[in-house]
Trainee: 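Provided herewith is a single structure, encoded as structure tokens, for subsequent inquiry.
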Amino acid sequence: MKVKKMIKVAIIGASGYTASESLKILARHKQVEVTYLAATQDRGKISDNFPQLTGLFDMEVKAYNIDDAIKLADVVLCCLPHKAAMESVPQLVNADLKVVDFSADYRIHDAKLYEEVYAVEHTDPNNIANAAFGLPELFRSNIVGKQLVANPGCYPTAASLGLAPLLKEGLIDPSDIVINAVSGASGAGRKPAQKFHFPEMTENIFAYGVQGHRHNPEIDQILSEFSEQKVSTLFMPHVGCYERGIIETIYCKPLKDISQQQLDSLYSSYYSNERFIRLRNMPPAARDVANSNFCDIYPIVSRGRIIVFSAIDNLIKGAAGQAIQNMNIICGLEETEGLL
């Protein structure tokens, strides 16, 4: 009997929440072996940094060394922040490793726009063109066979999946879309900050990025490319006093009359074969999608508008779960492996 070769996976930036969530998923993945963990801080045993991983992964988190990554891995999950990612990704790609990048460094296709949004020079523009945008439900055919995948942001994932069928069919005004979003505090990452300190957050909710959030250009890019028209959205994020989950309420102006039955039929047709899309008959709650790779969507017709409710776990479908979904695709594995 021929034994299947295990795919060797490395995680760079292993001290953050997305790395921890990736490891939880990889622990139940039947076709991979985690062979290398690296970080700039919190080194030592990964299970000392994340006790919930005790008995699952007790390996050492080491200082990042490109030669070790090349020698030990087939696939790299790059959990580094923007700017740091583009310093490492070119070396990994040049070494013929497959890379799923969690940062924003390869999401925005226009390097000049990226530099405006993130206020840093993009030092690897060549790989922007080579990267697939990793939202499988909309761009799966572009992901298959790619070496580098740009994992989408959490807010753009929920917004794009909620809006895609309406825009593709030309049913709403692409210049009159309002996205009101609330995320759990884990979306701010693990690095301490005063406004996310418990006494500041508890029994509280507040808006941020009100003059323009970094994810807004990404949302517009995804929807414009998918629907083949210019899409301009108004995106307003908030953070609430809970751990994980994103809820988005999206307001759209219809271009023609549409009944609730037609709306339901449209979404059912678009997502009938998508394992990680669940169409609901009521607005989804953050708890409904917690610790899962699902996106729950509920579209309704109300008072002359189409309103779409979309919910994901920001750490899973908005980060680690989607990254492993993308990893499965580029490695030729069952897309749902480790995720269900």
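Throughout, residue positions are numbered sequentially from 1 according to the sequence presented.
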Trainee: If we only count heavy atoms from C-beta on, is the N326 to F133 side-chain gap below 4.5 Å?
Mentor: no
Trainee: Hey, are the side chains of V301 and S259 touching, using non-hydrogen atoms and a 4.5 Å cut-off?
Mentor: no
Trainee: Judged by atom type as modelled, is there a donor-acceptor pair below 3.5 Å linking the side chain of S292 to the main-chain atoms of F294?
Mentor: yes
Trainee: Write down the atom of A311, the atom of A285, and the distance for their closest heavy-atom approach.
Mentor: CB-O, 4.4 Å
Trainee: Passes side chain to side chain contact (heavy atoms under 4.5 Å, CB included), Y208 versus V239? Steps please.
Mentor: CA-CA 8 Å; Y208 67 102; V239 62; 4.2 Å; yes
Trainee: Is the closest side-chain heavy-atom distance between I177 and L234 below 4.5 Å?
Mentor: no
Trainee: Would you please test Q322 and K317 for side-chain hydrogen bond (donor to acceptor under 3.5 Å, both in side chains) and show each step?
Mentor: CA-CA 5 Å; Q322 187 146 257; K317 184 58 175 170; 2.8 Å; yes
Trainee: Can you tell me which residue pairs pass the salt bridge (charged side-chain N to carboxylate O under 4.0 Å, His left out) test with a partner in residues 213-224, sequence neighbours excluded?
Mentor: R107-E218
Trainee: Sequence neighbours left out, what pairs pass salt bridge (charged side-chain N to carboxylate O under 4.0 Å, His left out) with at least one residue falling in residues 155-180?
Mentor: K168-E228, D176-R305
Trainee: Start with the C-alpha distance between I330 and V100, add both sets of side-chain angles, then the distance that settles side chain to side chain contact (heavy atoms under 4.5 Å, CB included), and finish with yes or no.
Mentor: CA-CA 9 Å; I330 63 175; V100 180; 4.1 Å; yes
Trainee: List, by chain and then residue number, the residues other than V210 in its hydrophobic cluster (Ile/Leu/Val/Met/Phe/Trp/Tyr, side-chain heavy atoms under 4.5 Å); write none if there are no others.
Mentor: M236
Trainee: Distance from L315 atom CG to S20 atom OG, nearest 0.5 Å?
Mentor: 9.0 Å
Trainee: For R275, does the CZ atom have more than 12 heavy-atom neighbours from other residues, nucleotides or ligands under 6.0 Å away?
Mentor: no
Trainee: Any side-chain donor paired with an acceptor under 3.5 Å for N216 and T233?
Mentor: yes
Trainee: Is there a side-chain contact between N151 and D101 in this structure, where contact means two heavy atoms from C-beta onward sitting under 4.5 Å apart?
Mentor: no
Trainee: Under the rule for salt bridge (Lys or Arg N to Asp or Glu O under 4.0 Å), what residues qualify as partners of E248, not counting sequence neighbours?
Mentor: none
Trainee: Can you list everything that forms a side chain to side chain contact (heavy atoms under 4.5 Å, CB included) with S183? Sequence neighbours excluded, please.
Mentor: Y155, I246, N314
Trainee: Hey, could you give me each pair passing salt bridge (charged side-chain N to carboxylate O under 4.0 Å, His left out) that has a residue in residues 233-244? Not counting sequence neighbours.
Mentor: E21-R244, R244-D313
Trainee: Which heavy atom in R43 sits nearest to a heavy atom in A63, and how many Å separate them?
Mentor: CD-N, 3.2 Å
Trainee: Does any N or O in the side chain of D105 come within less than 3.5 Å of the main-chain N or O of K83, such that one atom is a donor and the other an acceptor?
Mentor: yes
Trainee: Please check: side-chain N/O of E60 versus main-chain N/O of I46, any donor-acceptor pairing under 3.5 Å?
Mentor: no
Trainee: Going by salt bridge (Lys or Arg N to Asp or Glu O under 4.0 Å), name the residues that satisfy it together with D288, two or more places apart in sequence or in a different chain.
Mentor: R280
Trainee: Let me know which of I172, V231, I306 forms a side-chain contact (heavy atoms from CB on, under 4.5 Å) with L163.
Mentor: I172
Trainee: With the side chain counted from C-beta on, respond yes when N180 and H238 share a heavy-atom pair under 4.5 Å apart, and no when they do not.
Mentor: yes
Trainee: Checking Y251 now: which residues fulfil ring-ring contact (aromatic ring centres under 6.0 Å, His included) with it, not counting sequence neighbours?
Mentor: none
Trainee: More than 12 heavy atoms of other residues, nucleotides or ligands under 6.0 Å from CZ of R28: is that the case?
Mentor: yes
Trainee: Any side-chain heavy-atom pair from Y298 and S310 closer than 4.5 angstrom?
Mentor: no
Trainee: Begin with the C-alpha distance, continue with both residues' side-chain angles, and end with the deciding distance and a verdict on side chain to side chain contact (heavy atoms under 4.5 Å, CB included) for V61 and I11.
Mentor: CA-CA 9 Å; V61 178; I11 299 179; over 6 Å; no
Trainee: With a sphere of 6.0 Å drawn around NZ of K62, does it hold more than 12 non-hydrogen atoms of other residues, nucleotides or ligands?
Mentor: no
Trainee: Do M59 and V34 have side chains that approach each other closer than 4.5 Å (heavy atoms only, starting at C-beta)?
Mentor: yes
Trainee: Mind listing the side-chain donor-acceptor pairs of residues 195-205 below 3.5 Å, one per line with the distance, residues two or more places apart or on another chain?
Mentor:
unit_1: N204; atom_1: ND2; unit_2: E200; atom_2: O; d: 2.9

Trainee: Do L167 and F226 make a side-chain contact, defined as non-hydrogen atoms from C-beta onward lying under 4.5 Å apart?
Mentor: no
Trainee: Please tabulate, for side-chain N and O atoms in residues 331-340, each donor-acceptor pair with protein atoms closer than 3.5 Å (sequence neighbours left out).
Mentor:
unit_1: E335; atom_1: OE1; unit_2: R140; atom_2: NE; d: 2.9
unit_1: E335; atom_1: OE2; unit_2: R140; atom_2: NH2; d: 3.0
unit_1: E335; atom_1: OE2; unit_2: Q325; atom_2: NE2; d: 2.7
unit_1: E337; atom_1: OE2; unit_2: K30; atom_2: N; d: 2.9

Trainee: Between S160 (side chain) and P156 (backbone), is there a donor-acceptor pair under 3.5 Å?
Mentor: yes
Trainee: If you look at every heavy atom in A111 and P125, which pair is closest and at what distance?
Mentor: CB-CB, 4.4 Å
Trainee: Decide yes or no on side chain to side chain contact (heavy atoms under 4.5 Å, CB included) for Y271 and N273, but give the supporting numbers first.
Mentor: CA-CA 6 Å; Y271 290 132; N273 295 319; over 6 Å; no
Trainee: Transitive ILVMFWY cluster of I12 at side-chain heavy atoms under 4.5 Å: who else is in it?
Mentor: Y36, Y64, I66, I70, L72, V76, L80, M86, V89, L92, V93, L97, V99, Y106, I108, L113, Y114, V117, Y118, V120, I128, L148
Trainee: Residues two or more places apart in sequence or in another chain: which of them pass salt bridge (Lys or Arg N to Asp or Glu O under 4.0 Å) with D74?
Mentor: K5
